[in-house]
Novice: 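Could you have a look at this structure, given as structure tokens, before my questions?
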Amino acid sequence: MAIDAFADVDTQQAAQQVWRLPALAGQLSAEDAHALFEKLDSWQPETLLIGSGFEASIALYQSLYQRYALAGNTPALLAQVKNPYWLSNYCAAHGVMTPSVQAQAPQQGQWLYKVAGQSGGSHVLKWHQAAVASPAAQAYWQRLQPGLAVGALFVAEPGPVKDQGSVKDQGSVKDPGSVTLLGVHALKQRPGNYTYAGATRLHEPQLIAAMQALLEALLPDLGLVGINSLDAIWQDGQLHLLEINPRLSASMRLYADLPLIHAQLASCQGTLMPELVANSNYASHCILYARQAIETEYMDFPAWLEDKPEGGSIIAGQPLCSLYAEGATKDELQQALQDKKTQLEKLWGTYVCERIEFNIH
């Protein structure tokens with residue numbers, strides 16, 4: 001069973017029941033939250049898995065955590081990790097480089113405007129005084145760090161509990177846990193802004209070694225469980241941590257050949273972890289966005305496209321669908337992406353395709 005902001009065709013085919021809650025793409029109102037609890041109560045899920053969107057409402061996440069068997073990080077840890085000032089201090093104490101952050105609008109230098117708890121990148125702006133007329137209550141500024149935007153997907157396993165408390169009881173004293181790096185990827189962004197537009201799996205030994213070292217410095221004392229991700233900047237052989245995403249991530253698509261849900265449950269419930277062997281191929285997941293409004297009712301969507309819309313109009317700036325490709329080399333991967341784009345151009349025609357950002361870069 002699935003609750004999703006878009007309830008795309010793929011989700012409907014994969015789940016026995018799907019309920020669409022558009023507010024999941026933004027901030028849930030009290031009415032939306034009530035409807036969410038009503039639906040979950042009617043389903044009585046055995047286990048609840050959470051993706052993005054709840055970091056901005058820790059109180060709602062806490063209610064879900066207390067009311068259902070939520071396999072994920074505790075509300076207290078979620079709030080801690082998504083606090084940019086706490087994370088900055090934690091990084092400093094553990095020898096991890098991270099751009100400086102501040103609560104007041106900077107007067108000089110290059111900075112990014114961000115809103116704590118938000119996800120997807122659409123809230124991030126390159127800062128100048130006219131960029132934001134009225135900063136949000138949770139706004140902060142992070143110094144701009146040049147370099148390649150990268151991400152990592154990893155599984156955190158809690159250490160043994162020293163008393164009889166459960167894994168979910170974060171009040172128990174635990175030994176340091178372990179971490180398994182599932183992969184490193186370059187992050188795609190929409191042209192001209194920081195909105196997430198997919199990712200490309202990387203296999204650079206120096207980057208992978210640096211990411212492993214960063215995780216080993218961060219994770220033992222942090223207390224994360226299950227599948228998490230992080231965003232960083234790779235520059236001159238060094239990683240600069242931007243933020244940690246303490247929940248299931250969209251980048252999981254690049255590693256879908258692994259038993260990810262099994263690993264999530266095993267970590268959170270303290271059962272045997274499945275074998276996790278990374279794929280050696282290059283891979284890319286590209287989210288197609290509407291540049292202008294697109295009517296999808298008469299469009300054909302090939303079976304190899306993903307996250308296909310059920311129909312209707314896609315407004316400008318919203319995702320249309322996504323595509324995925326693999327290749328033994330970077331060149332093979334790029335050619336596979338270009339071939340799929342060419343097929344869509346022939347199928348949909350110039351008029352429609354000019355209204356689409358393909359993001360196969």
Side-chain angles (χ1 to χ4, degrees), residues 8 10-11 13-14 51-52 121 147-156 179-190 196-216 226-234 237 239 245 248-264 266-267 273-289 301-308 319-345 347 357-361:
D8 55 75
D10 303 58
T11 300
Q13 291 174 345
S52 64
L148 176 67
V150 298
L153 191 73
F154 59 91
V155 182
V179 59
T180 301
L181 176 61
L182 299 178
V184 180
H185 42 268
L187 297 172
K188 297 173 181 280
Q189 297 164 341
R190 292 188 61 199
Y196 181 78
T200 299
R201 195 162 62 213
L202 301 175
H203 297 287
E204 299 176 23
Q206 186 184 9
L207 172 57
I208 293 171
M211 189 65 76
Q212 186 67 51
L214 184 148
L215 289 174
E216 290 172 358
I227 293 175
N228 304 265
S229 67
L230 62 78
D231 301 335
I233 297 294
W234 177 239
L239 282 168
N245 305 306
L248 302 179
S249 163
S251 61
M252 289 169 62
R253 178 60 189 93
L254 293 176
Y255 312 95
D257 55 324
L258 300 176
L260 298 179
I261 300 303
H262 185 178
Q264 174 76 7
S267 174
M273 183 66 63
E275 185 177 12
L276 300 166
V277 180
N279 193 319
S280 61
N281 277 353
Y282 289 86
S284 188
H285 179 228
C286 312
I287 301 175
L288 281 61
Y289 281 88
F301 289 86
W304 47 262
L305 278 176
E306 302 179 0
D307 307 313
K308 298 179 287 291
L320 172 66
C321 59
S322 66
L323 62 84
Y324 176 84
E326 290 190 9
T329 65
K330 289 181 180 179
D331 289 342
E332 281 189 19
L333 170 61
Q334 195 59 41
Q335 187 60 56
L337 291 172
Q338 184 59 54
D339 289 345
K340 289 189 173 184
K341 180 176 183 285
T342 300
Q343 291 180 56
L344 293 176
E345 289 171 337
L347 179 64
E357 293 173 6
F358 285 88
N359 295 311
I360 66 169
H361 54 281

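For clarity, every value in this text was computed on a predicted model and none was experimentally measured.
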Novice: Taking all atoms of both residues into account, what is the closest heavy-atom pair of D307 and S322, and its distance?
Specialist: OD2-OG, 2.5 Å
Novice: For H185 and L202, which heavy atoms make the closest approach, and how far apart are they?
Specialist: C-CD1, 3.9 Å
Novice: Can you see which heavy atom on A232 is nearest to which on L239, and at what distance?
Specialist: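 Looks like CB-CD2, 4.1 Å.
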Novice: Side chain of S267, backbone of A263: donor and acceptor closer than 3.5 Å?
Specialist: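 Such a contact is absent between S267 side chain and A263 backbone.
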Novice: Is the backbone N or O of S284 less than 3.5 Å from a side-chain atom of T200, with the two atoms forming a donor-acceptor pair by type?
Specialist: no
Novice: From D257 CG over to N279 CG, what is the distance, rounded to the nearest 0.5 angstrom?
Specialist: 5.0 Å
Novice: Looking at K308, is its backbone amide N or carbonyl O close enough to the side chain of D10 to form a donor-acceptor pair, meaning the two atoms are under 3.5 Å apart?
Specialist: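 Such a contact is found between D10 side chain and K308 backbone.
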Novice: Checking Y282 now: which residues fulfil side-chain contact (heavy atoms from CB on, under 4.5 Å) with it, not counting sequence neighbours?
Specialist: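 Checked Y282 against side-chain contact (heavy atoms from CB on, under 4.5 Å); matches are H203, K330, L333.
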Novice: Minimum heavy-atom separation for A156 and N228, please, with both atom names.
Specialist: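 Where A156 meets N228 most closely, the heavy atoms are CB-ND2, 4.2 Å.
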Novice: Checking the side chain of K340 only, and the main-chain atoms of Y324 only, is there a donor and an acceptor separated by less than 3.5 Å?
Specialist: yes
Novice: For the CZ atom of F154 and the OH atom of Y255, what is their distance to the nearest 0.5 Å?
Specialist: 12.0 Å
Novice: Nearest 0.5 angstrom please: E357 CD to I287 CD1, how far?
Specialist: 11.0 Å
Novice: Looking only at atom types and distance, does a side-chain atom of N359 sit under 3.5 Å from a main-chain N or O of C286, one as donor and one as acceptor?
Specialist: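 Not at all, since once roles are kept as given, no pair shorter than 3.5 Å links the two residues.
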Novice: For the residue pair S251 and L153, what are the closest heavy atoms and their distance?
Specialist: OG-CD1, 3.7 Å
Novice: Going by atom types alone, do Q335 and D339 pair a side-chain donor with an acceptor below 3.5 Å?
Specialist: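 Short answer, yes.
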Novice: Any side-chain heavy-atom pair from M252 and I261 closer than 4.5 angstrom?
Specialist: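 The answer is yes; the side chains approach within 4.5 Å.
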Novice: Validate the cation-pi geometry between K341 and F358: distance from NZ or CZ to the six-membered ring centre under 6.0 Å, angle to the ring axis within 45°.
Specialist: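 Yes, K341 sits over the ring of F358.
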Novice: Whether the Q212 and E216 side chains hold a donor-acceptor pair (N or O, under 3.5 Å, no angle test) is what I'd like checked.
Specialist: yes
Novice: From E204 CD over to L148 CG, what is the distance, rounded to the nearest 0.5 angstrom?
Specialist: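 The CG atom of L148 is 7.5 Å from CD of E204, to the nearest 0.5 Å.
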Novice: To check you understand the geometry: which heavy-atom pair defines the closest contact between C321 and F301, and what is its length?
Specialist: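 It is SG-CE2, 4.3 Å.
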Novice: Mark yes or no for whether Q13, through its side chain, and D8, through its backbone, hold a donor-acceptor pair below 3.5 Å.
Specialist: no
